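Report on the structure given below.
Ligands are counted one by one from 1 in listed order, and the atoms in each one are counted from 1 as well. Fair warning: this is a prediction, and the values are worked out from it, not measured in the lab. Positions are given from 1, in the same order as the sequence printed here.
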Amino acid sequence: MNWEDFRHWGRRAADWAADYHAGLRNRPVRAQVAPGAVLSALPDAPPEGAEAMQAIFDDFEQTLMPGMTHWQHPRFFAYFPANAAPVSVLAEYFVSAIAAQCMLWQTSPAATELETRVCDWMRQAIGLPDGFTGVIQDSASSATLCAVLTMRERALDWQGNRAGLSGQPRLRVYCSDEVHTSVDRAIWIAGLGEENLVRIPTQGATRAMDAEALRAAIAADRAAGHLPAGIIACTGGTSAGASDDIAAVMDVAEAEGLYTHVDAAWAGSAMICPEFRSLWAGVERADSVVMNPHKWLGAQFDCTTHFLRNPDDLVRTLAIQPEYLKTHGADGVVNYSEWSVPLGRRFRALKLWFLIRAHGLEGLREMIRNHVTWAQDLAARLEATEGFEIVTQPMLSLFTFRHLGAEDLDAHNQDLLNRINDDGRIYLTQTRIDGAFVIRFQAGAFTATAEDVAMAYDVITELAGT
Ligand SMILES: *Cc1c(COP(=O)(O)O)cnc(C)c1O
């Protein structure tokens, strides 16, 4: 294909995308194919000769599309959303067409400076004080890895990268037992070892880490000759929205001189609504905060905003040229590749800029508030329905429930969940709460309506036979 052919296919792609979205409600949310069905429909060997674009397009529609799960479906209530607002898709189209590498200021000054600007817009939007500086990472997992590496280097007086970890005391990082698995991976990759990720038990309805237990664990580690390096707190855990008491965690961190990272990958989007900010009260005292505009907010994946109280610590950890540190920011030039693990960087700021401008913060707030209200309504309706139990109450738009009335509740709810997802009108996933299998519901699709959430009630109760 050359760029003249691209004109034609680009228009067809735009039409296809609009038609796809217009017809989404009629598709089953979760792919309904058997394992291996798509693979066996694909030729074993690559073509030697060029194929016609029409043939490729036909196979895309006929072979691949039935095997896709529709994350932009209005009744996608599984996992967390990965919303792609149409305007952010359009921005990505421009980004793909320009295809710039934005690792240094000079490799695309506008990309760097727009990133600086939109990160500051997001900072203001979620109510972080102006001492925080943002950068866009590819994922919350990467941001958390960056934070763990920073904790490590800071604790080792910046010697870890050069000298390695052998001969060092055990570095310890603390978190609750509700954090995302990206924390485990960050610990593995940073070379600290899973055994040095200290899980603090949680308590109460918010499933927050017990600050006294945290304090005791740190003291015990110091007594044992270990080296406490940092604390990872979460606001809106993946399973049921567990949220640490950030202020209480910060009291401990400050007393102990530990670096802190707050993972609000999902719930951070809700902080554009001031009424939800009490969920992370004290966050302004953290060193590092991550939230994903690519989840709830509608910036097409991937787009993670990572806020730092002192970016110098991160740059000192990741910059290849240490002397650059001394001037970082001073001459007005920022090289964002020094703030993240990969060198190459996509122009991710553009979609966030398009999104915020096209919807306005007020438009995005309305979406989030609706989702929270509808999820609360659904939880209340299920709770009032004979045979259902709300296991964890709504945390923003996320709650968990199960259906009672069977000997083996885990198997019964797994079976109900399978039947719901095979039905296809809605898509839900599961988690375990205190060992019990429960069904998870979150409302967050960009185009969801109150009727879509009401349909979830109908499907759940119908298939549970109540
Ligand atoms: C989704 C999620 C992550 C992982 O986000 P990625 O951007 O996919 O790496 C981490 N933590 C929490 C709380 C999440 O919800």
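For F437 and H412, the distance between ring centers is not under 6.0 angstrom. A centroid separation of less than 6.0 Å is found between the aromatic rings of H359 and F446.
Among the atoms of A140, some N or O lies under 3.5 angstrom from an N or O of ligand 1.
Closest of all the heavy-atom pairs between H371 and A443 is CB-O, 3.5 Å.
Scanning the protein for heavy atoms near atom 15 (O) of ligand 1, the closest one is K295 NZ, 2.7 Å.
Heavy atoms of G236 come nearer than 4.0 angstrom to ligand 1 in at least one pair. The closest approach between any non-hydrogen atom of G237 and ligand 1 is not below 4.0 Å.
Shown in contact with F80 at under 4.0 Å from a heavy atom are these atoms of ligand 1, numbered in order with element: 15 (O). Atom numbering of ligand 1 starts at 1 in the shown order; those under 4.0 Å from a heavy atom of S182 are 10 (C). Here is the list of ligand 1 atoms found below 4.0 Å of a heavy atom in H180: 2 (C), 3 (C), 4 (C), 10 (C), 11 (N), 12 (C), 14 (C). Those atoms of ligand 1 that come under 4.0 Å of a heavy atom in H294, given as number and element, are 7 (O). Residue N292 has at least one heavy-atom neighbour below 4.0 Å for each of these atoms of ligand 1: 5 (O), 6 (P), 7 (O). For ligand 1, the atoms sitting less than 4.0 Å from at least one non-hydrogen atom of T238 are 12 (C), 13 (C), 14 (C), 15 (O), numbered in the order shown with element in parentheses.
Contact annotation for S141 and ligand 1: heavy atoms of both the backbone and the side chain come within less than 4.0 Å of the ligand. At a heavy-atom cutoff of 4.0 Å, ligand 1 is contacted by no atom of V179, backbone or side chain.
Inspection of the D184 and T181 side chains reveals no N or O donor paired with an N or O acceptor under 3.5 Å. Judged purely by distance below 3.5 Å, without hydrogens or angles, the side chains of S243 and T235 never pair a donor atom with an acceptor atom. Side-chain contact annotation: W16 with E61, donor-acceptor N/O pair under 3.5 Å present. In this structure, a donor-acceptor pair under 3.5 Å is present between the side chains of E113 and W105. A donor-acceptor contact under 3.5 angstrom links the side chains of S288 and H261, judged on distance only.
With atom 13 (C) of ligand 1 as the reference point, the heavy atom nearest to it among V290, T144, D263 is part of D263.
Shown are E178, R207, H180, R440; of these, the side-chain contact (heavy atoms from CB on, under 4.5 Å) with S239 is made only by E178.
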